[in-house]
Protein chains: 2
Amino acid sequence: MAKSLKRDEIIRVALELIAEHGFHGTSMAMVAEEAKVGAGTIYRYFESKDALIMALFKEAEIKMQEALTVKPYEHFSIRERFFYLHTSLLRYMINNPIHFKYLEQFFNSPYGIKFRRDQFLKDKKGESHTFLKLFSEGLSQGIMKNLPLVVLFALALGPIMDMARDHILGFFKLNDDLITQSVEACWDAVKK
Amino acid sequence: MAKSLKRDEIIRVALELIAEHGFHGTSMAMVAEEAKVGAGTIYRYFESKDALIMALFKEAEIKMQEALTVKPYEHFSIRERFFYLHTSLLRYMINNPIHFKYLEQFFNSPYGIKFRRDQFLKDKKGESHTFLKLFSEGLSQGIMKNLPLVVLFALALGPIMDMARDHILGFFKLNDDLITQSVEACWDAVKK
DNA sequence: TATATCTGAGTGAACATTCATTCCGCTCCC
DNA sequence: GGGAGCGGAATGAATGTTCACTCAGATATA
């Protein structure tokens with residue numbers, strides 16, 4: 001058997017179960033049974049339930065970052081970058097509901113709050129990620145409203161996440177037109 | 001002693017503890033100890049932990065609704081209503097961080113998802129609440145973008161909630177100017 | 001055979017909930 | 001007035017369950 005088929009399977013199953021039942025609704029025994037491994041095997045690959053939860057986050061984060069990566073990105077205008085990133089993000093979320101649900105759980109938990117706090121401190125030191133870089137440039141070029149980055153972030157990404165959630169919960173159906181119009185509306189919120 | 005001092009104290013303490021430590025991080029024993037009542041006393045007033053959680057939500061919801069109520073509301077224009085409601089909501093949240101944190105927990109849990117689903121079905125039958133009535137009117141008067149109500153909702157309220165959260169977490173400091181500018185930005189997102 | 005990997009019954013801690021018992025304020029009779 | 005008796009309110013130790021995690025032994029691999 002390949003080196004870490006078991007590890008992969010544990011990750012796959014745990015993501016799915018936690019997306020569905022939450023951190024506290026998912027016991028290690030459930031993960032073990034569904035992944036068809038012994039309860040102890042999980043602990044060969046992950047030190048604790050916490051470590052597993054963090055590894056699942058890294059997994060989802062990497063996949064998401066890949067979905068936001070495009071080659072000629074550097075030649076895009078601010079507006080083009082905004083549309084590209086937001087559309088890609090929304091599309092990724094609705095095409096990967098398990099990842100979305102997992103990330104939602106994660107960010108609305110002490111794990112996620114700690115993560116955001118660490119990110120926030122890092123950003124203060126300049127190691128911004130894709131979105132913050134975009135908003136910083138938009139600000140300094142005078143294209144975006146003169147508001148704190150955190151506010152621009154909320155205006156542009158809050159609605160995207162809420163829409164992904166409502167689409168996945170079946171409250172309405174996002175299609176290509178609606179995605180375009182929604183991202184345009186987010187742009188209206190941040191543009192000067 | 002007045003009829004239900006103990007009940008009031010249990011509610012007060014439970015809201016605080018759950019806002020801080022979450023549903024699963026707050027045991028009934030913690031609530032009992034902090035409220036200085038016996039563990040069994042809680043069950044005189046609330047059938048179960050679930051029932052307590054729902055009662056706390058009702059409590060917070062009522063207080064919030066009060067904060068959004070103003071007398072001459074009916075004479076406001078759509079735009080005025082939008083600004084009034086959004087500003088009041090944001091102010092309420094940052095002035096009542098415990099309620100905000102509790103509601104955040106609640107809506108990001110199976111309780112909240114069930115609640116939203118029920119609301120959604122009720123709305124389909126026309127029993128809209130304040131915000132949905134506003135957006136419906138904005139739509140039919142052609143003032144707002146021709147998008148599904150759920151999307152308008154996300155565009156207008158998503159950022160408000162995110163900003164309240166980031167303010168309460170200390171990531172930035174909301175002041176009157178910033179509140180006004182942010183609500184204006186939300187209006188830009190939904191207005192035609 | 002020797003080493004690495006895997007297993008799942010077992011462990012102790014934590015939890016929500018119960019219930020036998022105590023407490024306390026009230027009424028009613030002497 | 002006072003004390004006996006009553007009943008709802010309050011208590012917290014006890015209960016049964018669930019959980020994350022361990023480890024002695026089984027199994028696969030080399």
Side-chain angles (χ1 to χ4, degrees), chain A residues 1-59 101-102 105-106 108-115, chain B residues 1-59 102 105-106 108-114:
Chain A
M1 194 190 314
K3 183 105 171 281
S4 50
L5 276 191
K6 303 233 173 211
R7 197 190 125 101
D8 289 351
E9 186 61 5
I10 290 165
I11 286 204
R12 196 187 63 76
V13 161
L15 258 174
E16 206 171 297
L17 286 175
I18 292 177
E20 189 66 23
H21 304 107
F23 293 128
H24 296 283
T26 305
S27 69
M28 296 302 259
M30 280 165 74
V31 175
E33 188 180 7
E34 196 79 8
K36 295 183 163 65
V37 299
T41 305
I42 299 174
Y43 291 87
R44 291 204 63 76
Y45 297 105
F46 307 98
E47 201 184 316
S48 64
K49 193 180 185 180
D50 274 20
L52 173 60
I53 286 169
M54 284 306 300
L56 293 173
F57 170 65
K58 295 254 164 65
E59 178 83 4
K101 286 184 187 172
Y102 184 86
Q105 304 259 1
F106 183 86
N108 288 293
S109 76
Y111 303 107
I113 292 176
K114 190 191 172 318
F115 177 82
Chain B
M1 194 197 303
K3 183 107 170 279
S4 52
L5 277 191
K6 302 237 171 207
R7 197 191 126 100
D8 289 351
E9 186 62 4
I10 290 165
I11 286 204
R12 197 187 63 77
V13 161
L15 257 173
E16 206 171 298
L17 286 175
I18 292 177
E20 189 66 24
H21 303 107
F23 294 127
H24 296 283
T26 305
S27 69
M28 296 301 258
M30 281 165 75
V31 175
E33 188 180 9
E34 197 79 9
K36 296 186 163 69
V37 299
T41 305
I42 299 174
Y43 290 87
R44 292 204 62 77
Y45 297 105
F46 307 97
E47 201 185 316
S48 63
K49 193 180 185 181
D50 274 20
L52 173 61
I53 286 169
M54 284 306 300
L56 294 173
F57 170 65
K58 296 256 164 64
E59 178 84 4
Y102 184 84
Q105 304 260 0
F106 183 84
N108 288 294
S109 75
Y111 304 107
I113 291 177
K114 190 191 171 320

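A, B, ... follow the sequence lines: proteins, then strands. Residue 1 opens every chain.
- Rounded to a whole Å, the CD atom of A:Glu47 is 13 Å from the C1' atom of D:dA20.
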Checklist entry - Run the salt bridge (charged side-chain N to carboxylate O under 4.0 Å, His left out) check on B:Lys6 and B:Glu9 step by step: do they pass? => result CA-CA 5 Å; B:Lys6 302 237 171 207; B:Glu9 186 62 4; over 6 Å; no
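- Contacts between residues 25-38 of chain B and DNA chain C, defined by a heavy-atom separation under 4.0 Å, are made by B:Thr26, B:Ser27, B:Met28.
- Rounding to whole angstrom units, CZ of residue B:Arg7 and P of D:dA9 are separated by 14 Å.
- To the nearest 0.5 Å, atoms NE2 (B:His21) and OG (B:Ser27) are separated by 10.5 Å.
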Checklist entry - Given the rule in the side chain to side chain contact (heavy atoms under 4.5 Å, CB included) test, do B:Glu16 and B:Glu34 qualify, once you have shown the distances and angles that lead to the verdict? => result CA-CA 10 Å; B:Glu16 206 171 298; B:Glu34 197 79 9; 5.5 Å; no
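- Rounded to an integer number of Å, the gap from A:Lys49 NZ to D:dC21 P is 8 Å.
- Residue A:Arg44 places its side chain closer to C:dT5 than to any other of D:dA20, C:dT5, C:dA16.
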Checklist entry - Can you give one letter per nucleotide of nucleotides 23-28 of chain D, going 5' to 3': B for a protein heavy atom under 4.0 Å from the base, S for sugar-phosphate only, - for none? => result B-----
Next on the checklist: Test side chain to side chain contact (heavy atoms under 4.5 Å, CB included) on B:Phe46 and B:Arg7; report intermediate values, then the result.
Outcome noted: CA-CA 9 Å; B:Phe46 307 97; B:Arg7 197 191 126 100; 3.5 Å; yes
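- Closest contact between the side chain of A:Tyr43 and the listed nucleotides C:dT17, D:dA20, C:dT7 involves D:dA20.
- One can place CG of B:Leu52 at 15 Å from C1' of C:dC15, the figure rounded to the nearest angstrom.
- Between A:Leu15 and A:Leu56, the shortest heavy-atom contact is CG-CD2, 3.8 Å.
- Between A:Val37 and A:Ile42, the shortest heavy-atom contact is CG2-CG1, 4.3 Å.
- Per the geometry, CG belonging to A:Leu5 stands 14 Å off C1' belonging to C:dT5, to the nearest Å.
- Which of D:dA10, C:dT17, C:dC6 sits closest to the side chain of B:Tyr45 comes down to D:dA10.
- Applying the side chain to side chain donor-acceptor pair (under 3.5 Å) test to A:Lys58 and every residue at least two apart in sequence or in another chain returns nothing.
- Rounded to a whole Å, the CZ atom of A:Phe46 is 12 Å from the P atom of C:dC6.
- Taking atom CZ of residue A:Phe23 and atom P of nucleotide D:dC19, one finds them 16 Å apart after rounding to whole Å.
- Residues A:Leu52 and A:Tyr45 form no side-chain contact, since every pair of their non-hydrogen atoms from C-beta on lies 4.5 Å or further apart.
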